[in-house]
Amino acid sequence: MKDHIRDLVAHALDALKTQGMLPADVAPAFVIERTRSREHGDYACNVALLLAKAAARKPREIAEALVQVLPPSTDIAKIEIAGPGFINFFLSAAAYQNEVRTILGAGATYGRSNIGAGRKLQIEFVSANPTGPLHVGHGRGAAVGDCLARLLGAIGWDVSREYYYNDAGAQINNLALSVQARARGIEPEQTGWPEDGYRGHYISEVARAFLAGESVDADGQHIVASGVVDDLDAIRRFAVASLRREQVLDLQAFGVEFDVYYLESSLYSEGRVEKTVQQLIASGHTYEADGAMYLRTTEFGDDKDRVMRKSDGGYTYFVPDVAYHVTKWQRGFGRAINEQGADHHSTITRVRAGLQALNMQIPKGWPDYVLHQMVTVMRGGEEVKLSKRAGSYVTLRDLIDEVGCDATRYFLVARKVDSQLIFDIDLARSQSNDNPVYYIQYAHARVCSLQRQLGERGLGWNRDNGLAQLALLTSNFEQLLMVELSRYPEMLDAAAQNLEPHMLAQYLRDLATAFHAYYNGEAILVADDNLRDARLNLCAATQQVLHNGLDLLGVCAPEKM
RNA sequence: GCAUUUUUAGCUCAGUUGGACAGAGCAACAGUUUUCUAAACUGAUGGUCAUAGGUUCGAAUCCUAUAAAAUGUACCA
C-alpha cells in the first residue's frame with residue numbers, strides 16, 4: 001500500500017514538472033508513513049513540505065496542486081491537506097477488508113518475506129562458559145538472540161544459531177580446582193580453597209556426583225566420573241560436561257536450541273590460532289616489545305595496541321576470538337551477528353581490528369553486534385548482586401520455575417536491548433496475571449473460544465461466504481482492528497532489519513488491545529449469517545496474526561486459558 | 001580521565017530513516033457481567049521528553065556542552 005501511494009505521488013510530481021510548476025530537476029526524498037492519529041487518515045506524505053523551498057511556494061499550495069493531478073485509485077477514499085502541508089490519505093474500507101482475505105489466504109506465511117533471499121546468516125548468542133548455571137543476563141541474551149533468529153528467518157535469511165564456549169583455559173581450570181576442593185571436603189575461606197574459586201552450591205553437587213562415580217551426557221559425549229580426587233583432568237572433564245548438561249536443560253526449558261556448539265579448544269587443536277598469528281605477523285601489523293607481541297589495533301580505530309602473545313608465551317583471549325571469527329567468515333556467513341551482554345562491548349573494536357589486519361577482504365563493519373544492557377534483579381525490594389564466585393545469583397531456571405517460560409521470555413524481549421532491565425522477581429511473580437503476555441495469549445484464546453461456541457449454539461460458519469461479505473465489516477472497532485492487522489508485515493520487516501525484537505512484543509500488545517476492544521464492543525456470534533461469517537473471518541485473521549507473531553516470540557498461543 | 005549505553009507521567013516502558021496537539025501498561029479515581037471467558041472493556045487524572053545552546057519549514061528524535069546512572073577501560077576470559 002505504501003508503495004502504491006508512493007507511485008501515485010511520483011506520478012503527480014512528474015505532472016507538475018511538466019506543467020512547469022516545479023523545477024524539472026528536483027527529486028525530493030519524501031516519505032509515505034503511517035499516521036499516528038486516525039484523524040489524519042491512514043497514510044501521510046510530507047512531499048509538499050520538502051518542496052516549499054525549491055518551488056518558492058507555500059507547502060499547502062504545492063499540496064493542493066499535487067492533489068489535483070493525483071491519479072485516482074480504488075484503494076483511496078479521501079485525500080486531505082492538513083497542518084503545515086501534509087497530504088493525508090484515507091484508505092477505502094475495501095482496501096482494509098481485503099487485508100483479511102490476504103491474511104487468511106497466506107495463513108502461517110502472512111508477514112513473511114524474502115528480503116534475505118536465502119543468504120547465509122549466523123547468529124551467535126548466549127555463549128556462556130560452562131562454569132556455572134545460566135543466570136538472568138544469559139536469559140536476556142537467549143530470549144533476544146532466539147527471537148532475532150526467528151525474525152531473520154521470517155524475512156528470508158538462512159539462519160544458523162551458534163553457541164561458542166571455552167572448555168579449557170584458566171577459568172575452566174579454576175572450575176576444576178573448585179570442584180576438587182569440594183570433593184576433598186574443603187569449603188570456601190578454609191585453607192586449601194583455591195584463590196577466586198567458584199563458591200556456588202552447584203560446585204558441591206558436581207563434586208558429590210564425581211565422587212559417586214556418576215555419568216553425564218553432554219555435547220554428544222558420555223562421561224563417567226572416575227571418582228579419583230587427585231585426577232584433576234578427569235574432574236575438569238566431568239565438571240564441564242555436568243555444567244554443559246545443565247545449561248542445555250535450562251535452554252531447552254526456555255525453548256531455545258542451537259545448530260552448532262563451537263569449542264574454543266578446537267581452535268588450538270586445529271591449529272587455527274597459530275595460523276591466525278602467522279597471518280597477522282605476515283600482514284605486517286605486529287611488533288614486539290617488552291618480550292610480548294602486539295597488534296597495531298590503533299591502525300583500525302582502537303585506542304591502544306593490544307597484546308597478542310604474552311611474555312610467558314601464551315596468547316591473550318582476543319587471538320582465539322579473531323581466529324574464531326575467521327572461521328565464521330570462511331564458513332560462508334556473509335552476515336554474522338553477535339548477541340552479547342554490554343559488558344563485552346570493548347571486544348568489538350578489537351575483533352574487527354584483528355579481522356581487518358588479516359587483509360582478508362572482510363567488510364569493516366563485520367560482524368554485526370547486538371549488545372543487551374545489564375539485567376538487575378530485584379528481590380524483596382533489594383538488588384540481588386550477581387556473582388558467580390560468591391555464588392549468589394538468580395538462575396534462569398529459577399525464573400522459568402517461578403514466573404513461567406512464556407512470561408519470562410516476553411519480559412526479557414519486550415524492551416529495547418539498549419536499555420537496562422530491572423527484573424523484579426516479586427513483581428513478576430505476584431503480578432504474573434497482569435503480565436502483557438497473558439493479555440496477548442488471552443486474545444488468541446478468546447477467538448478459539450468463539451469458534452468452540454459455534455458448535456454449542458448450533459451456529460454455522462461459512463468461510464467462503466465470510467470472504468464474500470467482508471464489506472459488512474464497517475464498525476469503528478472493525479476498522480481499527482483491520483488497520484492494526486495490516487501493520488504486521490511492515491512491523492515484522494522493521495523489527496528484523498533493525499535487529500529490534502521488542503517491536504514485535506509491542507505490536508502484539510497493540511493488536512490484542514484492538515481485538516479486546518472489538519470483542520467487548522460488538523457481538524461476534526450474531527444471528528445474521530452473513531454478518532457472523534464476516535466477523536468470524538476477521539476473528540480468524542486476528543487469530544492467525546497473533547499466532548504468527550507469538551511463534552516468532554517463542555511464546556505459545558493457547559486455545560484455552 | 002577515556003569508551004559504550006541510558007535519562008520521556010508516581011512506577012515500568014513505547015515513541016525507527018526529524019513530522020501535525022507526546023503514547024501505553026501498572027498504581028490511584030469513576031464506571032461496565034441475566035447476553036460470545038471480567039486474565040476483558042469504557043471514562044477521567046497525570047509529563048518543562050535530565051539541563052542549556054545549535055541545526056530547519058518542523059526536534060523527544062540530529063549536533064555541541066553540562067549533569068546523573070550502568071558497564072567497560074589487564075601481558076584475565
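All chains are named by letter (A, B, ...) in the order of the sequence lines, taking the proteins before the strands, and each is independently numbered beginning at 1. Side chains included, hydrogens not; waters and symmetry mates left out as well; all remaining heavy atoms used.
- Contacts of A/Arg457 with the nucleic acid, taken as non-hydrogen atoms under 4.0 Å apart, involve only primed sugar atoms and P, OP1 or OP2.
- When both pairing distances are held under 3.5 Å, B/rG19 makes a Watson-Crick or G-U pair with B/rC57.
- Base engagement by A/Lys560 is indicated by at least one non-hydrogen atom pair under 4.0 Å involving a base atom.
- Taking the centre and axis of the six-membered ring of A/Phe30, the NZ or CZ atom of A/Arg6 falls inside the cone set by 45° and 6.0 Å.
- Across B/rA77, B/rC36, B/rC13, the shortest atom-to-atom separation from the side chain of A/Arg415 is found for B/rC13.
- Look at B/rA40: its Watson-Crick or wobble partner, with both distances under 3.5 angstrom, is B/rU32.
- Comparing the C1' positions of B/rA59 and B/rG54 gives a spacing of 11 Å, expressed to the nearest Å.
- When each of A/Tyr442 and A/Val31 is assigned the nucleotide of RNA chain B with its nearest heavy atom, A/Val31 is the one assigned upstream, toward the 5' end.
- Counting non-hydrogen atoms under 4.0 angstrom, A/Met503 reaches a base of the nucleic acid.
- Residue A/Tyr439 has a polar side-chain atom (N or O) positioned under 4.0 Å from OP1 or OP2 of B/rC41.
- The number of heavy-atom neighbours closer than 6.0 Å to NZ of A/Lys2, taken from other residues, nucleotides and ligands shown, is above 12.
- OP1 and OP2 of B/rC2 both lie 4.0 Å or more from every side-chain N or O belonging to A/Lys304.
- In the interface, the side chain of A/His502 is paired with the base of B/rU16 through a donor and an acceptor atom under 3.5 Å apart.
- Ion pairing between a basic and an acidic side chain is recognised when a charged N comes within 4.0 Å of a carboxylate O; A/Lys416 and A/Glu500 show no such pairing.
- Between A/Arg199 and A/Asp196 no salt bridge is recorded (no basic side-chain N to carboxylate O distance below 4.0 Å).
- Within the nucleic acid shown, A/Tyr294 comes within 4.0 Å of at least one base atom, counting heavy atoms only.
- Across B/rA40, B/rC13, B/rC36, the shortest atom-to-atom separation from the side chain of A/Leu450 is found for B/rC36.
- If you check distances only, the side chain of A/Tyr317 does reach the base of B/rA77 with a donor-acceptor pair under 3.5 Å.
- Residue-level contact check: A/Glu522 touches the bases, meaning some heavy atom is under 4.0 Å from a base atom.
- A/Gln373 contributes no side-chain N or O that forms a donor-acceptor pair with the base of B/rU71 under 3.5 Å.
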- Message: Under the criterion side chain to side chain donor-acceptor pair (under 3.5 Å), I'd like the reasoning laid out for A/Gln451 against A/Gln543: C-alpha separation, chi angles, the key distance, then a yes or no.
- Response: CA-CA 11 Å; A/Gln451 292 163 354; A/Gln543 179 186 37; 3.0 Å; yes
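- Here A/Arg36 reaches the OP1 or OP2 of B/rA20: one of its side-chain N or O atoms lies under 4.0 Å away.
- Residues A/Leu525 and A/His516 both approach RNA chain B. Their nearest nucleotides, taken by heavy-atom distance, put A/Leu525 toward the 5′ side.
- One P atom belongs to B/rG58, the other to B/rG18, and the distance between them is 16 Å to the nearest Å.
- Among the heavy atoms of the strands, none lies under 4.0 Å from A/Ala414.
- Pairing for B/rG46 is absent, judged as Watson-Crick or G-U wobble with the two contacts each under 3.5 Å.
- Using Watson-Crick or G-U wobble geometry with both donor-acceptor distances under 3.5 Å, B/rA14 finds no partner in any strand shown.
- Side-chain atoms of A/Asp418 and base atoms of B/rU6 include no donor and acceptor less than 3.5 Å apart.
- Between B/rC13 and B/rU8, the two P atoms lie 9 Å apart (nearest whole Å).
- Within 3.5 Å, a donor on the side chain of A/Ser311 pairs with an acceptor on the base of B/rC75, or the reverse.
- A/Asn88 comes within 4.0 angstrom of a base, heavy atoms only.
- Using a 4.0 Å heavy-atom criterion, one finds that A/Glu500 contacts the bases of the nucleic acid, with or without backbone contacts as well.
- A distance of about 25 Å separates the C1' atoms of B/rA24 and B/rA69, rounded to the whole Å.
- Ion pairing between a basic and an acidic side chain is recognised when a charged N comes within 4.0 Å of a carboxylate O; A/Glu490 and A/Arg34 show such pairing.
- The gap from the P atom of B/rC26 to that of B/rA67 amounts to 39 Å, rounded to the nearest Å.
- Remark: B/rA27 base-pairs with no nucleotide; criterion is Watson-Crick or G-U wobble with both hydrogen-bond distances under 3.5 Å.
- Using a 4.0 Å cut-off, no side-chain N or O of A/Lys310 falls inside it from OP1 or OP2 of B/rA74.
- Residues from residues 38-49 of chain A with heavy atoms under 4.0 angstrom of RNA chain B, sorted by number: A/Glu39, A/His40, A/Ala44, A/Asn46, A/Leu49.
- A/Ala170 comes within 4.0 angstrom of no nucleic acid atom, judged by non-hydrogen atoms across all strands.
- Proximity of A/Gln497 to the phosphate of B/rU16: no side-chain N or O atom is located under 4.0 Å from OP1 or OP2.
- Residues A/Glu80 and A/Lys78 are paired through a salt bridge, judged by an N-O separation under 4.0 Å between the basic side chain and the carboxylate.
- Residue A/Asp303 is classed as having no contact, given no heavy-atom separation below 4.0 Å to the nucleic acid.
- Heavy atoms of A/Leu50 sit under 4.0 angstrom from at least one base atom.
- Note on A/Asp510: nothing from the nucleic acid sits closer than 4.0 angstrom, heavy atoms only.
- Comparing B/rA22 with B/rU61, their C1' atoms sit 12 Å apart, to the nearest whole Å.
- When Watson-Crick and G-U wobble pairs are counted only if both distances are under 3.5 Å, B/rU4 pairs with B/rA70.
- If you check B/rU64 for Watson-Crick or wobble pairing at under 3.5 angstrom, you find it paired to B/rA52.
- Donor-acceptor pairing under 3.5 Å, judged by distance alone, is absent between the side chain of A/Asn520 and the base of B/rA38.
- For A/Tyr488 and A/Tyr507, the ring centers sit closer than 6.0 Å to each other.
- Contact check, A/Lys58 against B/rC57: no side-chain N or O comes under 4.0 Å of OP1 or OP2.
- Of the candidate nucleotides B/rA70, B/rC41, B/rC13, B/rC13 has the atom lying nearest to any side-chain atom of A/Ser419.
- Among the protein residues, A/Ser346 comes within range of the sugar-phosphate backbone only, with heavy atoms under 4.0 Å from sugar or phosphate atoms but none that close to a base.
- Atom name P, nucleotides B/rC49 and B/rC62: the rounded distance is 16 Å, in whole Å.
- In summary, A/Arg487 and A/Glu484 engage in a salt bridge, as defined by a charged side-chain N under 4.0 Å from a carboxylate O.
- If you check every strand for non-hydrogen atoms under 4.0 Å, A/Ala82 touches a base.
- Checking B/rU42, B/rA3, B/rC36 against every side-chain atom of A/His345, the shortest atom distance belongs to B/rA3.
- Checking side-chain atoms of A/Asp418 against main-chain N and O of A/Gln373 turns up no donor-acceptor pair under 3.5 Å.
- Comment: A/Asp528 does not engage A/Arg532 in a salt bridge, judged by the lack of any side-chain N to carboxylate O separation of less than 4.0 angstrom.
- In this structure, A/Arg446 is positioned above the aromatic face of A/Tyr519, its NZ or CZ under 6.0 Å from the six-membered ring centre and within 45° of the axis.
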